[in-house]
Amino acid sequence: MTTRPLARPWPAPLQRYAPWAVVAGLFALAAVWPADAAQFPAAWNLGLRAPIDEFQSAVIANRETIPVFQYFFDPLSDLIDVGLRWAEDFLLATPWIGVVGTGALLGYLLGGTRLALLGGLSPVITGLFGLWEPTLQTLALMIVAVGLAVLIGLPLGVLAAASDRVDRALRPVLDGMQTMPTFVYLIPVLLVFGIARVPAVVATLIYAVPPMIRLTSLGLREVSPPALEAARAFGSTRWQLLVKVQLPLALPAIMAGVNQTIMMALSMIVIAALIGAGGLGREVLVSLQRLQVGKALEAGLAIVLLAIVLDRLSEGLSRIDLTDLGRALLAPAAPRWLPARWEPAWLAAARVLRRAAAMPAQWLAALTRRPEIERYAGLVNLGLAVLALVLVDLLFNVGTFPESWRWYLRQPTDALVLWLRDNVFEIQLGALTVGTGPLSDFVTLYLLNPLRSLFTTFLPWPVVVLGAAALGGWAGGGRLALLAGAGVFAIGLLGMWPFAMDTLSQILVTMLITCLIALPLGVWSSQNNAVRDFLRPVLDFLQTIPSFVFLVPVIMLFNIGRVPGLIAAVLYAIAPGVKLTDLGIRGVAGEAVEAAHAFGATRAQTLAGVQVPMALASILLGVNQMIMMVLAMVVIAGMVGGAGLGLEAVNGLVRSETGRGLEAGLAIVLLAVTMDRITQAWAARRQG
Amino acid sequence: MTPGHTANASTPAKIAGRDIWKIFGRTPERVLERLTPEQTSAQILEQTGHMVAVRQVSFDVRAGETFVVMGLSGSGKSTLVRCLCRLTDPTRGAVLIDGQDLLQLAEAELRAVRRHKLAMVFQNFGLFPHRRVIDNVAYGLEVRGVKRAERLERARQMIELVGLRGWDQHFPKQLSGGMQQRVGLARALAVDPEIVLFDEPFSALDPLIRREMQDELLRLQATMHKTSVFITHDFAEALKLGDRVAIMRNGQFVQVGTPEELVLNPANDYVAAFTKDAPRGKVVSAAAIMTPCPPGFDPDGQPAVRADARLEDCLALVAAHDGPVCVRDEAGALAGLVDRLSVMKALIAA
C-alpha cells in the first residue's frame with residue numbers, strides 16, 4: 001500500500017533509477033558550472049520595481065481625478081472609516097462595567113458559568129494592564145472587519161452553494177488566498193487605500209473572508225435532502241427555501257465560519273498595525289521595536305485573552321444547532337461533582353430559576369398580547385440586563401476603566417528578562433558553555449550559515465531550479481516539475497534570488513527542527529493517552545494565539561537575529577505536525593495492528609513496520625501544513641532580524657517602497673505555492 | 001379506501017399519467033430516442049450507462065380514489081411519485097392533473113399547483129428540525145402567504161385531527177417516529193390539498209406503529225376522500241389501503257387492479273409470488289366466489305351476506321350454518337350462494 005503509488009509519473013524501470021541519475025546529473029552540473037556565475041544573473045532582473053513605484057506615485061498624484069478612486073475606492077474607504085470610528089466611539093463611550101457585564105452575559109448565554117467568568121474577567125485584566133483603550137480599538141477593528149467579512153462572505157457562500165459554476169470559479173481564488181502569506185495582501189491594498197486604518201481593515205477582511213465563504217457553501221450543500229424536498233413539494237420559492245430552511249439548517253456551519261473568520265482576523269492584528277492600525281497590535285509592535293519585553297508581553301497577553309474570549313463565544317454560537325432542537329430542552333442534569341443527595345434540591349432550584357427567567361418574557365407577552373414573545377425569554381432577559389447596566393451607569397457615573405486600578409506585569413517580566421539574560425543566556429559548565437546564547441550561535445553557525453552559503457554560493461542557480469523541477473516531477477509528475485522549476489526561476493527574474501535563498505535556508509532549518517520535535521511527539525502522543533491529553537490544550541493554545549505573540553518570550557531569550565524568528569516559527573508550526581501524526585497513527589485500521597500483534601511483532605516493530613508507514617500520508621499532510629505555517633512566519637521573522645525575503649517585505653512596507661515590497665511578496669508567494677504543491681503531491685502520492 | 005368505496009369509473013381522471021419515462025444519466029433524451037422496445041433496462045444500463053427508472057407508465061387516478069403503487073426497492077416507484085409533482089422532471093410523457101399537463105407549466109404555475117392542489121408525505125418524514133411541530137404543520141400555508149394567526153389556527157386543528165393535541169410546541173426530535181409521521185400527515189392535510197402523494201410514509205416505522213398509522217389513515221380517508229397516490233413496498237399494506245393497486249417492476253407496471261383482482265387473477269408469476277401469502281379473507285368478496293342459485297332454491301329464511309362483504313366477515317355465519325348462505329346485492333336482490341366449501345377453498349387459494 002505504501003510502496004506503490006497509484007499513478008506512476010514515469011515508467012517503472014525509469015522510476016527506480018531516474019532519481020539517482022537526476023541527483024548525479026545535478027551534482028555534475030554543480031561541479032562544472034563556473035563558480036563566479038553561481039548567482040542568478042542580475043541582467044535578467046525584470047525590474048518590476050521602478051514601474052510599480054511610478055504607478056504608485058502616479059496613482060497618489062492623480063487620486064482625485066481617477067474615476068475608480070473617485071467613485072469606488074474613496075467612498076468605500078470613507079464608509080469603512082466611518083464604520084470603524086463609529087464602532088470605536090461606541091465601545092469607548094460604553095461604561096467599563098457595561099463592557100464587563102456584556103462579556104459575562106454573552107459568555108453565560110453561549111457557554112455557561114465558566115465562559116461567563118472568562119468573558120467578564122478578561123476585560124478587567126486588560127484594564128488592569130492599562131490597555132483598556134487599545135483593546136477596545138482592536139475589538140472595534142475586529143467588529144468592522146469580521147462584520148464586513150460576514151456581509152461579503154455569506155452571499156458569496158450562498159452563490160457558491162447554489163451554482164457549481166460559481167463554486168468552481170471561487171475555489172482556486174480561495175485556495176490562493178489561504179496559501180498566500182498574509183503579508184502579500186497588504187501591498188496591493190496599500191496601493192489602493194493608502195496608509196491608515198482603512199487598509200488594515202481591508203487586508204484583514206481579505207485574509208479572513210475565505211472560511212466564511214467556504215463554510216457557508218459547505219453548510220448549505222449539506223442540508224439534509226428530505227427537508228429540502230419537502231419544502232419544494234409544498235411550493236416554496238427559492239428565496240423561501242433559502243431563508244426558511246437552508247440557512248437555519250446550515251447555521252452551525254455558518255457560525256463555525258464566523259468563528260474561523262474571527263480567528264484569522266485576530267492573527268492579522270499585529271501585521272495590520274504595521275500599516276497604521278492602532279490598538280493592541282501597535283502596542284506589541286512598538287514595544288518589540290523598543291525591546292520592552294514586559295510591555296510587549298502584556299499586550300500579547302491582552303491579544304491572547306481577546307482571542308480566547310472571541311473564540312469561545314463564537315464557538316458557542318456555532319453550537320446553536322437548529323437541527324438538534326428539543327434535545328437540549330430535556331431535563332437539566334445536575335453536574336457530576338454534586339453529591340447524589342443534593343440532586344433533588346439542585347433540580348428544584350433549577351426549576352425555580354428557570355421559571356423566574358421565563359417571567360419577564362411572559363409579562364411582556366401578556367402586556368403586548370403577542371404570545372410568541374415568550375419564546376425569546378433569553379433575548380428579553382439580555383435586554384433587561386443591559387438596561388440595568390445603563391441605569392447603574394447613569395446613577396453612579398462609572399465611565400471608563402479607572403486609572404488608579406493597575407496591576408502591571410511589566411516590571412517583574414523585565415526583571416525576569418534581565419535575570420534570564422544574566423543566567424540562562426550563557427552558563428559555564430566546566431569547559432562547556434551552554435545556554436540560549438550558545439544554542440543560538442550553534443544554530444546560526446552550524447545550520448543556518450552553511451545552508452545559506454550552500455544555496456547562495458556553492459549551488460549554482462540552474463542546479464537549484466532544476467533540483468526544484470526534479471523534486472516536483474518526482475512528487476507529482478511532469479506538470480508539477482514544470483511548475484516548480486518555473487516558480488523558482490521566476491523568483492530569480494524578480495531579482496530576489498539571494499534573499500529567497502537565505503529565506504529558503506531558514507525555512508529548511510526551521511522545518512528540520514520542527515519535524516524533529518513534532519513527529520516524535522506525535523508518535524508518542526499516539527501511543528500514550530496521557531501524553532495526548534497533556535499535549536492537546538498546549539497545542540490548542542499554540543494554534544489559538546496570534547503568531548506574533550510567540551516572538552515576545554523568544555526574543556527575551558535569544559536576542560535579535562535569525563534564531564528568534566526561527567524558534568517562533570517552530571512553536572507556531574508544531575501543532576499541526578503533532579496533531580496529524582497522532583491522528584494518522586491512531587487512524588490506522590485496528591485489524592492491521594491486530595494482525596501485526598498476532599504475528600508476534602513487538603510494539604516498536606508494529607509502530608515502525610505498520611502504523612507509521614500506513615499513516616505516512618497523514619504525516620506528510622502535517623508536514624505540508626507545517627511548511628505553510630513556517631512560511632507565514634517568514635515576514636514576522638523578518639521584523640526581528642530574520643533577513644531574507646521577510647526583511648525585504650517589511651522594509652518595502654515600512655518605508656513605503658511599494659515596488660520592493662511587492663517583489664519580495666511575490667517571491668514569498670512563489671516559494672509558498674511551489675513548496676505547498678510539492679508537499680501536497682507527495683502526500684497524495686503516499687495516499688495511493 | 002374504505003372497503004367497498006370505489007369511485008365511479010365514469011368520473012374523469014383527477015391524475016393521469018401518460019407515457020411517463022424517466023431516465024437518469026448524462027444525455028437521457030438521446031438515449032430515449034435511440035431506445036428500442038426490445039432492450040431491457042439492464043441492457044440499456046450496460047450499453048449507455050443510463051438508468052431507466054420509469055419506463056412508459058400510464059395510469060388514471062379517479063377523484064377520491066387511493067391508488068397504490070407497490071414495488072420492491074429499485075422498481076422506480078419513488079421516482080414515479082416524484083414525477084407526479086415534478087420534484088423530478090420526467091424525461092418524456094405527461095402528468096395531467098385535472099386535465100392540465102404539469103410538464104408544460106412554468107416555474108410559478110407549478111409552484112401554484114404545489115401550493116394549492118398537492119401535498120406530499122415522505123418516507124423519512126421530511127420534517128424541518130428547526131421548527132416546532134406547529135410551524136412544521138403550518139409551513140405549506142406559510143409559503144402560500146396565509147396570515148400568521150389564521151395558519152396557526154388551522155395547524156392546531158390539524159394537529160388535533162392526527163391525535164397530537166398538546167405537542168404543538170415541541171420539536172420533531174422530541175417525538176417518536178410514529179408521532180413524527182403524524183406531523184408529516186398533518187402538514188400535508190393542513191393545506192387542504194385535493195391530492196396527497198404518499199412516498200412510503202410508514203416504511204420507517206415499527207410494525208405495530210405502522211398498523212396503527214394505516215388504521216389512522218383509513219379513518220381520515222373515510223371522511224375526507226382525498227385523491228391519493230400511495231407508494232409502498234409492502235404488499236399487505238397495498239391491499240389494505242388501496243382502492244386499486246399497481247404492481248411495479250423494473251420501471252413498468254406489471255398489473256393494475258383492485259386488491260381482489262390481483263389476488264384472484266395475478267397476471268404472472270411475479271405478481272403471484274406476492275399474492276401467495278396475501279390475507280385473502282380481508283380481500284376477496286363474497287361476490288367473487290359465489291355460485292349461481294340452483295333453480296328452485298328458496299331463499300326465504302336463509303341467512304344472507306352482502307355481495308361486497310369480505311370472506312373474513314362471512315366466516316362466522318358460514319361456519320354456523322350447514323346449508324348455503326345467500327349473497328345479496330346492494331338492492332337486496334339475491335345474487336348467488338356461498339357455502340363452507342367454497343369459502344374454505346377461496347381462503348386456502350385452491
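Worth knowing before you read on, the calculation uses all heavy atoms, side chains too, and leaves out hydrogens, waters and symmetry mates. Just so it is clear: chains get the letters A, B, ... in the order the sequence lines come, proteins before strands, and each one is counted from 1.
- Of the residues considered (E107(B), Q123(B), R148(B), R86(B)), R148(B) shows the highest number of contacts with chain A, using heavy-atom pairs under 4.5 Å.
- Using bins of under 30°, 30° to 60° and over 60° for the plane-to-plane angle, the ring pair Y139(B)/F234(A) lands in the perpendicular bin.
- Looking at L87(B), the atoms closer than 4.5 Å to chain A (heavy atoms on both sides) sit in the backbone and in the side chain alike.
- Contacts of D135(B) with chain A are made by side-chain atoms alone, with heavy-atom separations under 4.5 Å and no backbone atom involved.
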Note to self: Between E142(B) and K244(A), is the side-chain contact (heavy atoms from CB on, under 4.5 Å) condition met? List the steps.
What the structure shows: CA-CA 10 Å; E142(B) 186 182 329; K244(A) 291 177 190 289; 2.3 Å; yes
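- For chain B, no part of S224(A) is nearby; none of its heavy atoms comes within less than 4.5 Å.
- E200(B) and T232(B) share no donor-acceptor pair across their side chains, judged by distance under 3.5 Å alone.
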Checklist line | Audit row: I15(B), L96(B), side-chain contact (heavy atoms from CB on, under 4.5 Å) steps and yes/no | finding: CA-CA 6 Å; I15(B) 313 172; L96(B) 306 168; over 6 Å; no
